[in-house]
Amino acid sequence: MRNLRRLLTLLFVAIAVVASAIEPSNIVVNLNGKEYYKHRVESGQTLYALAKAYGVTELQIIDSNVGLTASSLRADDYILIPRTKSKTYGSERKVSLDADRQEGESKLSKKFLIHEVKAGDTLYSIARKYKISLQILEADNPEIELDKLAIGDQIKVRRTDRGYATTAEIEKELKDRNIATNAVVEEVVNQGVETKWQEHKVTIGETIYSLSRAYGVSEEELMKLNNLQTTADLKAGMVIRIKPLQEPQAVEVIETVVDIVAEEETPQETRRKERERGRQEGDAKDESDEGLIDVGMSADSLHPVDIFEGEAQSDIVPIEVEFPPLSMHHTLKVALMLPFHINNKVNPYFVDFYNGMLLAMEDLKSEGYDIELSVFDTYSSIDRIIDLVSYEEGVLDAQLIIGPVYEDELRHVVGMAEQNEIPVVSPLADNESIKSPVLFQMHAEPECKYDRFTSLFDASKEIVTIYANASDKDFMAEIEGLVESPTRTNLNFVFDRGAFFYNRRGDGSNGEEVDITEFMRTPTHKTFIIASANETDVDRILTTLASTRLAIVARSINFGDYVVVGNRKWKQSNNIDKQSFFRNNIIFFSPYFASRSNEVVRLFDGRYVKAYNALPSMYSYRGYDAAMIFCRKMFTGIDGTIFEEYFTPLSTTYRFEFKDGIYQNCHWTGEQYNSNFTITAK
């Protein structure tokens, strides 16, 4: 028994020594509002020792890591360990209670605006001022007799419901409640002689920025007219004031004064005010400089339909939104918003994206950058995203936002980001309708697809289009506007005709027969375009071209070589022989390309496998790229020089242009399949 006790004592001492030797990680991540240490497990470390070192329980660690058990813990694994607050005792408890009270007040101020009643205020005037239902005001203020307001009463005005009620709707509520006293009736009558306003009902996708441009008023004026504290307060369905329709009539009207309790100023608001002071002092460019938008243009000169119907605006140039460089001593706050769960199932692609970002965080830290990453699961829910941008401190305090993924989700983040001048990175979506100078699209813009490859379609090439029974209209629509060559041949392919095609007449019918062998022996360099939408026909055409080419080469006959412009749908097809890609020198155009033979990619793959026991996907690469490009740029400053830069964190290159109202990546990669069975990125 004595030996057993001694053995247990030695065991506990050994565990205590191991725990004391564990150095807590200094990498902190925020996942759904909770903070975690990202810890790399070292040889000899156990779940018990880690729990002791970090001051948590083993169960807390297990619950924070899916699939983790004491027996599955391995050296070099990365695990998340909850970051707990320090324990408090005795008199320190009061500090904790005060903190809880302050936190409660902070949450209250985020949910409500507080209106302090002044002389002349009535329930009707307050509802009309905020365009909010009387029923909602009553529900949120049960302790106050709203029909008998007293000066100094504090009225809670729900932020999420402001702006949705019209004057007519409020008046109807008033009559239904049967409280039309003389004072109220008089006020309703006076409404008829007050300033008449041009009103606008907000639709999905509209922002303070787009409306200010559409109607020729400043963003500040729009927000002031409608009592909006941030651009995120603007919601689809709201009825907002735009500008007076006529001058107020010369009658005496008591105007309601609204006092709103000031909220704590965010870092973004501080920066915005500092910039405004800088502009007033002459530090900023004069608004007449080239490249800035005249926000005083009339509504006639830019009708809302020009923006809201998604038509391309070729003359759009960036407005003056500055992203000045942060000091290297500054901590950059980044919010990552991804749908890690969709329909209650884990989405592995976005987990890959997050894992790639974590590796980028390590590299950035080694370069001397201090970054605090907050991670939020959006669940692909619009309501969840609205809550995050309205109340979540990790989003509201962020200086860089990466995500969300989909365009209909992004529009709810962009409004808040415009007000606070926060860059928003759209990592995967091709945005068609959102227009904002704070939005950066990483997905290669489709309109730029062939910009760097026009030589394939110029006058030095003979363009040969091969048709079959059905054509891929989308693919051909991309191609048609690019062809400059005056020598263009259209052929029809017919199965079982071997190496014989037919000239295609204007009505699509077959003309004279063409021996494809003799056709390909001509010395001109050719660009083949296969218009067929049928995968089997595509495979037969590629096989015919490759066989003909092989026969010509075998006979040592000189000929003009060719390439085939690939349709990316072919790469996902199981009916097309992939070897024919190499035999026909096919070139595909890719928004993202990463070759595992590339040394940089190979090293990244090795790190990824070691950290996560899995091969990285394209999502992993994109996550790494997003962090490396934009976190670095936040410390060097995002300005006009971004248009002159090419970014290649791993293998794919990015180049941004301001097009159609946002910053778009306009760099596509050509994947050239070569006859020696190699792939070259161009």
Side-chain angles (χ1 to χ4, degrees), residues 159-160 163 202-214 218-220 222-223 226 228-238 240 266 268-269 271-272 293 295 304 307-310 313 316 318-323 333-339 376 378 380-392 394-443 445 626 630 634 638 656 658-665:
R159 291 176 180 273
T160 56
V202 181
T203 60
I204 294 176
E206 294 179 345
T207 65
I208 290 293
Y209 166 67
S210 64
L211 289 171
S212 69
R213 294 186 62 198
S218 70
E219 297 174 60
E220 292 77 10
L222 268 183
M223 295 180 67
N226 295 281
L228 302 177
Q229 300 304 299
T230 71
T231 55
D233 291 338
L234 184 75
K235 310 293 184 185
M238 282 185 173
I240 64 171
T266 65
Q268 289 80 10
E269 289 170 336
R271 291 201 307 274
R272 179 170 54 81
I293 288 176
V295 296
I307 292 179
F308 304 142
E309 291 186 356
Q313 304 295 308
I316 292 180
I319 68 167
E320 187 179 16
V321 176
E322 302 172 7
F323 304 115
K333 295 184 178 182
V334 181
L336 175 65
M337 304 173 69
L338 295 177
F376 301 95
T378 65
S380 197
S381 164
I382 297 296
D383 291 339
R384 163 74 171 163
I385 290 170
I386 292 173
D387 284 344
L388 289 175
V389 300
S390 300
Y391 310 119
E392 180 54 56
V395 176
L396 295 173
D397 293 343
Q399 294 150 305
L400 172 66
I401 298 175
I402 299 177
V405 174
Y406 306 109
E407 185 172 13
D408 60 340
E409 299 172 350
L410 271 167
R411 68 179 74 256
H412 295 280
V413 177
V414 165
M416 180 272 289
E418 285 179 352
Q419 171 66 16
N420 296 327
E421 298 187 5
I422 306 170
V424 177
V425 178
S426 171
L428 300 166
D430 172 23
N431 300 287
E432 297 181 354
S433 62
I434 301 179
K435 304 179 189 303
S436 173
V438 302
L439 185 59
F440 294 80
Q441 175 181 305
M442 292 188 70
H443 186 279
E445 171 58 29
F630 289 95
M634 291 301 293
I638 300 178
F656 293 92
F658 192 81
K659 296 171 66 69
D660 296 336
I662 67 172
Y663 294 89
Q664 298 175 344
N665 171 30

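Positions are given from 1 along the sequence.
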Gap between atom CG of Asp408 and atom CD1 of Ile382 - 0.5 Å precision: 4.5 Å
Contact check, side chains of Pro404 and His412, non-hydrogen atoms, under 4.5 Å: no
Closest heavy-atom pair and its distance - Ala398, Ala335: CB-CB, 3.8 Å
Interatomic distance, Asn665 atom CG to Glu445 atom CD [nearest 0.5 angstrom]: 9.5 Å
Leu410 to Ser426 - nearest heavy-atom pair and separation: CD1-OG, 3.3 Å
Note, Ile422 side chain near Met416 side chain (heavy atom, < 4.5 Å): yes
Between OG1 on residue Thr378 and CD on residue Glu409, distance to nearest 0.5 Å: 5.0 Å
Where Val405 and Pro339 come nearest, the two heavy atoms and their spacing: CG2-CD, 3.6 Å
Gap separating the OG atom of Ser381 from the CD1 atom of Ile386, nearest 0.5 angstrom: 8.0 Å
Atom of His443, atom of Ala429 and distance for their closest heavy-atom approach: CB-O, 3.5 Å
Student check: side-chain heavy atoms of Met442 and Leu428 closer than 4.5 Å: no
Between NZ on residue Lys435 and CD1 on residue Ile662, distance to nearest 0.5 Å: 8.0 Å
Atom of Ile434, atom of Arg411 and distance for their closest heavy-atom approach: CD1-N, 3.6 Å
Set of side chain to side chain contact (heavy atoms under 4.5 Å, CB included) partners for Asp387, sequence neighbours left out: Tyr391
Residues that Phe630 engages under ring-ring contact (aromatic ring centres under 6.0 Å, His included), provided they are two or more places apart: Phe440, Phe656
Heavy-atom pair with the smallest gap, counting every atom of Val413 and Ile401: CG1-CD1, 3.9 Å
Side chain to side chain, Ile385 and Phe376, heavy atoms closer than 4.5 Å: no
Check: Ser433 main-chain N/O paired with Glu407 side-chain donor or acceptor under 3.5 Å: yes
Intermediate values then yes/no, side chain to side chain contact (heavy atoms under 4.5 Å, CB included), Gln419 and Ile208: CA-CA 9 Å; Gln419 171 66 16; Ile208 290 293; over 6 Å; no
Distance (rounded to the nearest 0.5 Å) between Asn420 CG and Gln399 CD: 11.0 Å
